Amino acid sequence: MSKKKKSKKIAPLSLTEQEQLLGWTYLAVELLVLPTAIALLGAQFGGFSDSVANFIYYLTNGVCCAFLFRKVLHTSLINAGSRMGTMLGTVLGGFLVLLGANQLMTGLFNALIPGFVNSNNAFVAGMVRESPILMTVGTVILVPLAEECLFRGLLFTDLRKHNRMGAYALSVLGFCAVHVAGYVGQADALTLILCFCQYIPAGIVLCLSCEKTESLFVPMLIHAAVNAGSILSLR
């Protein structure tokens, strides 16, 4: 009799107690301290342009998250490599779903507000025109690394063992909020709500891809592909 081929088992993603403690501490520092620290640093050099200030922010986040979450990233790499076909299929599927969702939502929102423009996208577009290389490296490499470690690693993976749906809700809502919080007071309420909603599909798909593959590298690749597509369209 021929033996059945055993399927490769993957280790469930789990943060160590040290990663949890340092991760939550860093998330607070990132949100409450880092922007001010970069602004003060810029003041010492005559002021940073928006693109340079944001690149420093992206670089700091990327380096810190790679170090703080190195153990769960190692597990993620092993899990992704052990099921390469599943990983690649999930990345492609996630990218196509988000591409379609973005087109659909943009059309709907333009019907509500003719000429609707996502505030965050408009800001990023300006920085891309100012410093295309810095912004490409930042948004395609550094942003997916940091945001997936924090939103899918810390907020989702760390909490789903206690409450799966709560983990989805916190990760998705936090992901949406961080992309629109800086525009409160600059845009009207309806625009902010629509911008917030525009990130919901991405938040859900990125959580699903992480859960399906038990790897942070899969949502990272989806995130990077979406951001790369946006950069190309802006240029």
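For the single chain, residues carry numbers from 1 onward in sequence order. All heavy atoms count here, side chains included; hydrogens, waters and symmetry mates do not. Please read these numbers as outputs of a predicted model, since none were measured by experiment.
Separation of atoms OH (Tyr26) and SG (Cys149) is listed at 10.5 Å; rounding is to 0.5 Å. Put simply, CG on Asn54 and CG on Leu142 are 11.5 Å apart, with the number rounded to the nearest 0.5 Å. Taking CG of Asn120 as the start and CG of Leu192 as the end, the distance is 11.5 Å to the nearest 0.5 Å. Remark: Arg152 CZ to Ile222 CD1 distance equals 9.5 Å, nearest 0.5 Å. Atom CD1 in Ile38 sits 9.5 Å away from atom CG in Leu59 (nearest 0.5 Å).
Side chains of Tyr58 and Met135 form a contact here, defined as non-hydrogen atoms less than 4.5 Å apart. Side-chain contact check for Asn110 versus Thr106: some heavy-atom pair is nearer than 4.5 Å. Side-chain contact between Phe151 and Phe156 is absent, with no heavy atoms from C-beta onward closer than 4.5 Å. Met84 is listed as a side-chain neighbour of Leu88, based on a closest heavy-atom distance under 4.5 Å. The closest side-chain heavy-atom distance from Val180 to Val184 is not below 4.5 Å. Counting heavy atoms from C-beta on, the side chains of Phe123 and Tyr183 come closer than 4.5 Å. Residues Cys65 and Leu150 have side chains in contact (heavy-atom distance under 4.5 Å, counting atoms from C-beta outward). Looking at Cys207 and Phe175, their side chains never come closer than 4.5 Å, going by heavy atoms from C-beta outward.
In summary, of the residues considered (Leu206, Leu73, Val91, Ile141), a side chain to side chain contact (heavy atoms under 4.5 Å, CB included) with Met220 occurs for Leu73 alone. Partner Lys161 forms a side-chain hydrogen bond (donor to acceptor under 3.5 Å, both in side chains) with one of Asp158, Thr157, Asn163 and no other, that one being Asp158.
Arg70 and Glu19 make their closest contact through N-OE2, 3.8 Å (heavy atoms, listed as atom of the first residue, atom of the second, distance). Closest heavy-atom contact between Gln198 and Phe109: CB-CE1, 4.0 Å. Contact detail for Leu145 and Gly62: the closest heavy-atom pair is CD2-O, 3.4 Å. Looking at every heavy atom in both residues, Pro144 comes nearest to Gly138 through CD-O, 4.4 Å. Between Tyr199 and Asn121, the shortest heavy-atom distance links the atoms OH-OD1, 3.8 Å. Gly153 and Leu15 make their closest contact through O-CD1, 3.4 Å (heavy atoms, listed as atom of the first residue, atom of the second, distance).
Residues Leu98 and Leu216 share a hydrophobic cluster, clusters being chains of Ile/Leu/Val/Met/Phe/Trp/Tyr side chains in contact below 4.5 Å. Using a 4.5 Å cut-off between side-chain heavy atoms of Ile, Leu, Val, Met, Phe, Trp and Tyr, with links allowed through other members, Leu22 and Phe69 fall into the same hydrophobic cluster. No single ILVMFWY cluster, assembled from side-chain heavy atoms under 4.5 Å apart, contains both Leu21 and Val33. Cluster membership for Leu92 and Met87, using ILVMFWY side-chain heavy atoms within less than 4.5 angstrom, is shared. No single ILVMFWY cluster, assembled from side-chain heavy atoms under 4.5 Å apart, contains both Leu13 and Met165.
Between Glu211 and Arg164 there is a salt bridge, since a side-chain N of the basic residue sits under 4.0 Å from a carboxylate O of the acidic one.
Judged by distance alone, the side chain of Ser51 and the main-chain N or O of Met127 form no donor-acceptor pair under 3.5 Å. Not a single donor-acceptor pair under 3.5 Å links the side chain of Ser76 to the backbone N or O of Ser215. Checked by atom type and distance alone, the side chain of Ser230 pairs as donor or acceptor with a backbone atom of Val226 at under 3.5 Å.
When the salt bridge (Lys or Arg N to Asp or Glu O under 4.0 Å) test is applied to Glu214, the partners found at least two apart in sequence or on another chain are Arg160. Remark: Arg129 engages no residue in a salt bridge (Lys or Arg N to Asp or Glu O under 4.0 Å) (not counting sequence neighbours).
A donor-acceptor contact closer than 3.5 angstrom is absent between the side chains of Asn79 and Ser82.
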For this session: For Glu130 and Ser49, run side chain to side chain donor-acceptor pair (under 3.5 Å): C-alpha distance rounded to whole Å, both residues' side-chain angles, the deciding distance at 0.1 Å, then the answer.
Result: CA-CA 9 Å; Glu130 181 183 284; Ser49 65; 3.1 Å; yes

For this session: Kindly determine whether Asp188 and Thr191 satisfy side chain to side chain donor-acceptor pair (under 3.5 Å), including the steps that lead there.
Result: CA-CA 5 Å; Asp188 61 88; Thr191 297; 2.8 Å; yes

